[in-house]
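Take a look at the structure set out below.
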Amino acid sequence: MADLFDYQEADVPLEKRLRLSIRWLSIWHDMTDMMTSSLEVGVFIGGRPVFADFLYQRTHTWREVELSPGCFEGEDNECRILDGLWKSLTTGERMDWEDIIEPKFRIVVAPASFEEIGEGKITGKTWYDILCIIQDGGPWHGPAMGGSGPAVLLSTTRSSLKRFFHDLLEEALDPRICDEACRKILLDRHAKAREQ
């Protein structure tokens with residue numbers, strides 16, 4: 001599991017801060033020769049989920065058994081979340097990741113709006129904003145909310161975001177989670193990132 005903590009409130013103890021958690025459930029190479037992955041995403045304050053699980057209109061009971069409390073399943077073709085995070089870390093370009101099954105979870109990562117980012121100006125102290133939005137699945141889903149649901153905003157430094165990326169990548173490479181074909185693809189694709 002990879003955890004990313006909010007650093008806006010420096011006086012709040014780490015164990016009580018807002019936290020984004022992502023855990024890979026499985027990564028496999030399917031019959032269409034595409035890498036597919038299943039993951040869980042949750043937002044917590046300390047150990048308590050921000051989004052109450054009972055708000056979601058669950059249709060598959062296996063989700064409740066397989067997923068951690070307060071987490072929702074997402075699917076990510078080609079492990080795009082890793083590509084997006086790395087690109088944002090190295091170029092300052094905004095990442096906008098969205099899973100492809102319900103409940104839809106959207107994560108937007110970008111240098112904080114007050115930061116002036118130019119080429120070669122991203123440092124370990126550059127601040128990033130991370131917006132996490134639930135888009136589907138609950139009673140809020142409708143025209144009044146524009147199809148979107150509750151959201152949280154975290155702010156963190158580039159060095160913390162980089163650690164989050166590496167934790168997520170290393171977990172993805174675990175042979176218990178990832179099949180051999182996908183492991184090779186991920187190792188090749190992220191060789192430069194792993195060197196750092």
Side-chain angles (χ1 to χ4, degrees), residues 1-8 14 17-30 32-44 68 71-100 105-113 115-133 152-196:
M1 179 179 294
D3 291 322
L4 184 65
F5 291 89
D6 182 41
Y7 280 90
Q8 291 182 85
L14 200 60
R17 288 188 192 173
L18 191 60
R19 169 176 57 96
L20 168 66
S21 290
I22 299 177
R23 180 175 70 100
W24 297 105
L25 300 172
S26 59
I27 303 170
W28 68 96
H29 216 240
D30 66 18
T32 64
D33 210 29
M34 178 181 272
M35 187 165 49
T36 303
S37 64
S38 177
L39 46 83
E40 67 176 24
V41 180
V43 181
F44 303 86
S68 303
C71 288
F72 305 96
E73 194 209 6
E75 196 168 292
D76 184 11
N77 289 342
E78 296 298 317
C79 297
R80 292 177 302 111
I81 195 167
L82 290 171
D83 300 333
L85 282 169
W86 186 247
K87 190 169 190 178
S88 190
L89 283 164
T90 55
T91 68
E93 190 174 314
R94 183 175 69 123
M95 177 195 93
D96 193 342
W97 174 83
E98 200 170 29
D99 72 14
I100 58 174
F105 204 98
R106 183 176 177 192
I107 300 174
V108 180
V109 176
S113 55
E115 296 272 353
E116 283 191 33
I117 303 296
E119 191 154 335
K121 303 216 178 194
I122 297 175
T123 69
K125 294 191 180 196
T126 297
W127 283 87
Y128 278 78
D129 287 334
I130 295 90
L131 179 64
C132 308
I133 309 165
V152 296
L153 178 67
L154 295 85
S155 289
T156 193
T157 61
R158 180 183 180 276
S159 54
S160 294
L161 186 61
K162 189 174 182 183
R163 184 171 41 253
F164 177 72
F165 164 81
H166 282 288
D167 289 348
L168 204 54
L169 176 59
E170 291 310 307
E171 185 182 58
L173 294 171
D174 186 333
R176 293 170 294 180
I177 294 169
C178 187
D179 72 23
E180 195 53 42
C182 293
R183 187 173 152 73
K184 183 178 182 335
I185 292 168
L186 290 171
L187 284 168
D188 291 344
R189 188 183 292 173
H190 297 289
K192 191 171 181 181
R194 293 187 83 230
E195 285 173 9
Q196 298 185 19

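None of the values given here were measured: they were computed from a predicted structure.
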Student check: side-chain heavy atoms of S38 and W28 closer than 4.5 Å: yes
Salt bridge flag under 4.0 Å for residues K184 and D188: yes
Verdict with supporting geometry, V41 and C71, side chain to side chain contact (heavy atoms under 4.5 Å, CB included): CA-CA 5 Å; V41 180; C71 288; over 6 Å; no
Shortest non-hydrogen separation from W24 to L168 and the atoms involved: NE1-O, 2.9 Å
Side chain proximity check, H29 to E180, heavy atoms < 4.5 angstrom: no
Flag, side chain of E171 to backbone of A2, donor-acceptor distance under 3.5 Å: no
Straight-line distance of K192 NZ to W86 CH2, nearest 0.5 Å: 8.0 Å
Check: L14 and F5 side chains under 4.5 Å, non-hydrogen atoms: yes
Among V109, L153, V43, side-chain contact (heavy atoms from CB on, under 4.5 Å) partner for C132: V43
Test item: side-chain donor near acceptor, R19 and S21, under 3.5 Å: yes
Side-chain heavy atoms of C79 within contact of I27, under 4.5 Å: yes
Distance-only polar pair, side chains of T36 and E75, donor-acceptor under 3.5 Å: no
Heavy-atom donor-acceptor pair, R183 side chain to D174 backbone, under 3.5 Å: no
Pair R80-W97, side chain to side chain contact (heavy atoms under 4.5 Å, CB included): steps then yes or no: CA-CA 8 Å; R80 292 177 302 111; W97 174 83; 4.0 Å; yes
Atom pair CG (D179) and CE (M35), whose distance is rounded to the nearest 0.5 Å: 9.5 Å
Non-hydrogen side-chain atoms of D83 and K87 separated by less than 4.5 Å: no
Donor-acceptor under 3.5 Å (S37 side chain, D76 main chain): yes
Gap separating the CG atom of L25 from the CD atom of E40, nearest 0.5 angstrom: 5.5 Å
Side chains of P111 and W127 in contact at under 4.5 Å (non-hydrogen atoms): no
Validation row: T156, D6 side chains within 4.5 angstrom (heavy atoms): no
Heavy-atom side-chain contact between R17 and Q8 under 4.5 Å: no
Sidechain-backbone polar pair: Y128 side chain, S88 backbone, donor-acceptor under 3.5 Å: yes
Straight-line distance of L39 CG to D99 CG, nearest 0.5 Å: 7.5 Å
Nearest-0.5 Å distance that lies between atom CE in M34 and atom SG in C182: 11.0 Å
Interatomic spacing from CG in L169 to CG in L187 - rounded to 0.5 Å: 8.0 Å
Result of checking D3, I22, I130 against F164 for side-chain contact (heavy atoms from CB on, under 4.5 Å): I22
Derivation of the side chain to side chain contact (heavy atoms under 4.5 Å, CB included) call for Y7 and S155: CA-CA 6 Å; Y7 280 90; S155 289; over 6 Å; no
Step-by-step side chain to side chain contact (heavy atoms under 4.5 Å, CB included) determination, F165 to H190: CA-CA 11 Å; F165 164 81; H190 297 289; 4.0 Å; yes
